[in-house]
Structures are given as C-alpha cells and as structure tokens.
Amino acid sequence: MAGDPAGPLRHRVIHTDAVDGRERYQLLTSLVVPRPIGWVSTRSASGVPNVAPFSFFSAVASSPMLVSLSIGTRGGVAKDSLRNILDQGAFCVNVVTEAQLEAMNRTAASLPPDDDEFAFAGLSVAEAETVDAPYVADCPAVLECEFHKHVDLGDSGGLVLGEVKGVRLDPELTIVEGSAFVDTQGLRPVGRLWGSAYTLLGEVRVLPRP
Ligand SMILES: Cc1cc2nc3c(=O)[nH]c(=O)nc-3n(C[C@H](O)[C@H](O)[C@H](O)COP(=O)(O)O)c2cc1C
C-alpha cells in the first residue's frame, strides 16, 4: 500500500561509511548481479599477450560505442591489464560464453607481467583487425577497443573507457532478422554472481513495452 510505514521500516539500512571495505565489496558484488564478464586481452610494452576477466564491466554508450572497465590494484600496484591498456592504447573484450567459462577462470591467476596468460590457460591468440591488441581466437564475439579515457580511482585502481572500433562475430552466431541484434540463445553468455559463482542463460521472458 502506498505510504505504508511498515514497508520502509522493515529494512535494515547499512551505512557504507560504518563498514569496512571487505563488507562493501561483498554487498556490492552480491547485489549488482548478474554482471557480464569483460574478458580483457592486451599486450604489454614488451609484446607479451595478457588476458584477464573483469566483471566491473559495462556498456556505457552506443554512439560513440563505449564500454567501461574498473580494474583494481594488487598490493597497491596497477594490475597488468590496466598498465597495458594505458601503455598501448588498445584492448579487446572477449565475450565469455559457456564454452569459455573454465578457460576464463584460469586466466584470473596472478601471473608475473612477463608470463603469457594465453599459453598458461591453453588459449590460442589472434590479432584484432581495427586496433593493436590480441584477442581469444576461440571466442565467438569480441569487441575491439581503442583506449578512450582513464579515471584514477586511487586505491581502487582505475576506470577505463574504451571505444569499440570493431565488433568481431563468428559467422555461426545468428543475427535476428532485420536487425543487428545477436541472438542470445545462440551466444550462451555467462554472468558472474559473487565469489566463484556464475550463472548461465535461464528462462527468457519477453515483455512488450507499455
Ligand atoms: C569472473 C571474475 C571477475 C573479475 N572481475 C574483476 C574486476 O572487475 N576488477 C578487478 O580488478 N579484478 C577482477 N577480477 C580479478 C582479476 O581477473 C585478477 O586480478 C587478474 O589476475 C588480473 O590480471 P592482470 O594482472 O593480468 O590484469 C575478476 C576475476 C574473476 C574470476
């Protein structure tokens, strides 16, 4: 009922300034769900290919076509992916589908910057067409991105915006007739919940807009 005081009073409100960073992370990652996974491939200044998953990843705009990534720090130092994007000005976002779930997980290992994570995870590397970055050859869909903007988040690392210059699609994917929509049932995307939990495509409901 509108205005029913019992509604709002049932809630427990956690003041985020009163809890520690771990709790804030746990609340955020269990409530903003499911999240798409940006599986980001880059190359280091010395030419080593790198690939790692980031679920603080989102679509931002379509014209220009922008995506965002929030990349944290490790021991107070920027992760390899962030450093590579800033050094090289390019990256690819490989869409994680059911077939890539386990390989994606292997690439979350913390390896030294000079170790090739493609080789470590048993992945084939290929070169993007529109930007100077590698991509995961077996991925059915890849966004080839040019570095657009970096927002320094201090201890939380950095927010990167990338402009998608090329959309690479496996010809096996179905495009919905009369549009550029990629059929989701054929894509089989994976979403991240919290911790090590993932979700596969479940029931799809279609609701026409009022
Ligand atoms: C599914 C998944 C999502 C992740 N999302 C993020 C994220 O959004 N931001 C982040 O900093 N680390 C995230 N991580 C951890 C990084 O993938 C991990 O630190 C990785 O080693 C970074 O690699 P790099 O140093 O080669 O960049 C995630 C890990 C997994 C398995």
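Everything numeric here is computed off the predicted structure, so don't read it as measured data. Both counts, for ligands and for their atoms, begin at 1 and track the order of listing. When a residue number appears, it is its place in the shown sequence, counting from 1.
- Atoms of ligand 1 lying under 4.0 Å from any heavy atom of A109, numbered from 1 in the order shown and given with element: 21 (O).
- Residue, atom and distance of the protein heavy atom nearest to atom 3 (C) of ligand 1 are R192 NH1, 3.1 Å.
- A distance-only check finds no donor-acceptor pair linking the side chain of R192 to the backbone of A197 [under 3.5 Å].
- Looking only at heavy atoms of the protein, atom 19 (O) of ligand 1 is closest to K79 NZ, 2.9 Å.
- Within a 6.0 Å sphere centred on CG of D155, heavy atoms belonging to other residues, nucleotides or ligands number 12 at most.
- For Y198, the closest heavy-atom approach to ligand 1 falls below 4.0 Å.
- With hydrogens and angles ignored, the 3.5 Å screen pairs no side-chain donor or acceptor of E23 with any backbone N or O of D20.
- For the pair E144 (side chain) and T130 (backbone), a donor-acceptor distance under 3.5 Å is present.
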| field | Test log, rule side-chain contact (heavy atoms from CB on, under 4.5 Å), inputs V182 and V176 | value | CA-CA 6 Å; V182 177; V176 178; over 6 Å; no

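- Ranked by closest heavy atom to atom 11 (O) of ligand 1, the top entry among G72, G38, A108 is G72.
- When hydrogens are left out, the protein atom nearest atom 7 (C) of ligand 1 is F54 CD2, 3.5 Å; that is the closest non-hydrogen contact.
- T107 and E117 are not linked by any side-chain donor-acceptor pair at a separation below 3.5 angstrom, with hydrogens and angles left out of the test.
- The nearest protein atom to atom 8 (O) of ligand 1, hydrogens excluded, is given as F56 N, 2.8 Å; this is a heavy-atom distance.
- Within ligand 1, the atoms closer than 4.0 Å to a non-hydrogen atom of S81 are 24 (P), 26 (O), 27 (O), numbered from 1 in the order shown.
- Taking every heavy atom of I71 and a limit of under 4.0 angstrom, the matching atoms of ligand 1 come to 11 (O).
- Heavy atoms from both the backbone and the side chain of D80 come within less than 4.0 Å of ligand 1.
- Using a distance-only test at 3.5 Å, with no hydrogens or angles considered, no donor-acceptor pair links the side chain of S68 to the main chain of V160.
- For ligand 1, the polar-atom distance check against N105 finds no nitrogen or oxygen pair separated by under 3.5 Å.
- The distance criterion of under 3.5 Å between nitrogen or oxygen atoms is not met by T107 with respect to ligand 1.
- Contact between R74 and ligand 1 is present, with at least one heavy atom of the residue lying under 4.0 Å from the ligand.
- Considering each of S55, A52, S70, P53, the one bringing a non-hydrogen atom nearest atom 16 (C) of ligand 1 is P53.
- For I37, no nitrogen or oxygen atom sits less than 3.5 Å from a nitrogen or oxygen atom of ligand 1, counting backbone and side chain alike.
- No donor-acceptor pair closer than 3.5 Å links the side chain of N94 to the backbone N or O of Y135.
- By the neighbour-count criterion of 12 heavy atoms within 6.0 Å, atom CD of E129 is sparsely surrounded, having that number or fewer from other residues, nucleotides or ligands.
- N84 and T42 are linked by a side-chain donor-acceptor pair at a separation below 3.5 angstrom, with hydrogens and angles left out of the test.
- Close contacts of ligand 1 with E117, meaning ligand atoms under 4.0 Å from a residue heavy atom, involve 26 (O).
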